Asker: 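Following this message is one structure expressed as structure tokens.
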Amino acid sequence: MTSTPQAEPMVPQWETLSAAELTSAVLEAAKFVHGRPRIIAIDGRSASGKSTLAETLHAEIPNSEIVHTDDIAWHAPYFGWEHLLRDGILLPLHVGADVHFQPPAWREHGRRGFITVPAGAEVVIVEGVGASSQGVAHLLDLRIWVQSDFVEAKRRGVERDVAAGINGDAEESLAFWHEWMGEELRFLESDRPWERASLIVSGTPDVPLAAGEYAYAPGPL
């Protein structure tokens with residue numbers, strides 16, 4: 001039995017798909033658009049499995065690119081970066097241009113480089129908490145919600161941060177997780193991205209899966 005905040009979708013029955021089958025379902029739902037890439041957003045709680053799903057789709061879809069919202073949100077206010085995603089990434093993609101974007105916080109804090117997507121990419125996958133937020137939802141061709149067990153996501157997230165050394169030791173990483181989750185839960189409760197999702201994928205499945213399989217369900221739309 002999974003632990004899920006009450007507002008988020010409860011899926012009564014999951015369908016099991018291989019990575020190739022899931023990719024086919026994703027591409028069928030995100031219809032081809034002439035002159036620009038199809039834009040697929042993968043949203044979900046922290047440590048839900050969004051990045052893993054994005055990498056799976058990227059490996060399965062030729063000429064695809066991934067944009068991580070963590071890069072856009074780096075040193076930005078909590079969930080105060082929607083305009084950066086819109087203006088720096090999504091609007092250029094909509095006119096078939098390449099993306100060559102450096103968020104302002106990168107310059108302010110000495111981070112070099114740019115977020116880049118070459119013109120001619122066929123699919124762009126935007127992944128992260130808030131990737132399909134209300135203010136940019138109309139610019140997306142498909143919205144996926146990655147459902148996850150609350151307790152397991154916390155275990156994963158803290159373990160990941162400790163291993164990466166990005167938020168200190170185990171105690172400091174746990175404290176940061178609680179601080180972040182306070183902001184994330186408030187944002188998700190207000191934004192409710194699962195209600196705009198066409199597909200739901202389980203990031204912490206409680207059904208038996210073989211290696212490379214995914215638990216999938218149609219979204220509320």
Side-chain angles (χ1 to χ4, degrees), residues 1-15 22 25-26 28-31 38-54 57 66-73 76-91 93-94 124-157 176-207 214-221:
M1 179 66 67
T2 58
S3 170
T4 303
Q6 188 174 13
E8 296 177 27
M10 299 299 294
V11 177
Q13 185 172 356
W14 295 98
E15 181 180 352
L22 177 61
V26 166
E28 183 178 351
K31 302 298 184 183
R38 286 178 278 186
I39 306 171
I40 298 168
I42 301 177
D43 211 329
R45 279 199 300 275
S46 293
S48 61
K50 300 180 301 299
S51 296
T52 299
L53 177 59
L57 295 177
I66 301 176
V67 173
H68 302 283
T69 63
D70 280 352
D71 291 328
I72 300 167
Y78 285 125
F79 301 105
W81 43 264
E82 185 182 77
H83 62 295
L84 301 178
L85 172 60
R86 180 191 66 227
D87 298 342
I89 308 295
L90 299 180
L91 290 181
L93 292 176
H94 265 258
V124 177
I125 302 161
V126 182
E127 74 83 20
V129 186
S132 62
S133 60
Q134 290 182 21
V136 300
H138 64 291
L139 297 172
L140 305 169
D141 300 301
L142 181 67
R143 296 169 292 277
I144 300 172
W145 174 255
V146 179
Q147 182 76 320
S148 62
D149 174 68
F150 196 72
V151 175
E152 175 61 11
K154 175 182 177 180
R155 183 198 65 77
R156 274 187 192 172
F176 178 81
W177 178 269
H178 287 151
E179 177 185 348
W180 168 264
M181 196 51 57
E183 299 290 337
E184 180 179 297
L185 286 173
R186 277 192 290 274
F187 169 76
L188 291 176
E189 184 178 354
S190 172
D191 192 77
R192 304 176 75 83
W194 51 83
E195 294 181 351
R196 297 184 293 276
S198 296
L199 304 177
I200 300 174
V201 174
S202 177
T204 55
D206 56 4
V207 295
Y214 283 85
Y216 149 94
L221 294 181

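Given the structure is predicted, the values throughout are model-derived calculations rather than measurements. All residue numbers refer to positions in the sequence shown, counting from 1. Just the heavy atoms: all of them, side chains too, but no hydrogens, waters or symmetry mates, feed the values below.
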Asker: I'd like to know if the side chain of Thr204 pairs up with that of Asp149 as donor and acceptor (distance under 3.5 Å, no hydrogens or angles considered).
Answerer: no
Asker: Indicate whether the side chain of Trp145 and that of Gln147 have a donor and an acceptor atom separated by less than 3.5 Å.
Answerer: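 The criterion, which ignores hydrogens and geometry beyond distance, is satisfied for Gln147 and Trp145.
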Asker: Just by distance, with hydrogens left out, do Glu15 and Tyr214 show a side-chain donor and acceptor under 3.5 Å apart?
Answerer: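 Judged by distance alone, the side chains do not pair up.
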Asker: Are Asp191 and Arg196 within salt-bridge range, i.e. N to O under 4.0 Å?
Answerer: yes
Asker: Are the side chains of Leu90 and Leu140 in contact, using a 4.5 Å heavy-atom criterion?
Answerer: yes
Asker: At their closest point, which heavy atom of Gly130 faces which heavy atom of Phe187, and how far apart are they?
Answerer: CA-CE2, 3.8 Å
Asker: Compute whether any side-chain donor of one residue and acceptor of the other, for Arg143 and Ser198, lie under 3.5 angstrom apart.
Answerer: no
Asker: Hey, is CD on Glu183 packed in by over 12 heavy atoms from elsewhere, all under 6.0 Å?
Answerer: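 Atom CD in Glu183 is packed in, count exceeds 12.
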Asker: Indicate yes or no for a side-chain donor-acceptor contact from Glu184 to the backbone of Ser46 under 3.5 Å, with no hydrogens or angles considered.
Answerer: yes
Asker: So, Lys50 and His68: side-chain donor and acceptor under 3.5 Å apart, yes or no?
Answerer: no
Asker: With a 4.0 Å cut-off on N to O distance, would you call Arg186 and Glu189 a salt bridge?
Answerer: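 No.
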Asker: Is there a ring pair (Phe, Tyr, Trp, His ring centres under 6.0 Å) between Phe79 and Trp180? Walk through the geometry before answering.
Answerer: CA-CA 11 Å; Phe79 301 105; Trp180 168 264; 5.2 Å; yes
Asker: Can a donor-acceptor pair be found between the side chains of Ser51 and Glu127 at a distance below 3.5 Å?
Answerer: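 Looking only at side-chain atoms, Glu127 and Ser51 do form a donor-acceptor pair, the distance falling under 3.5 Å.
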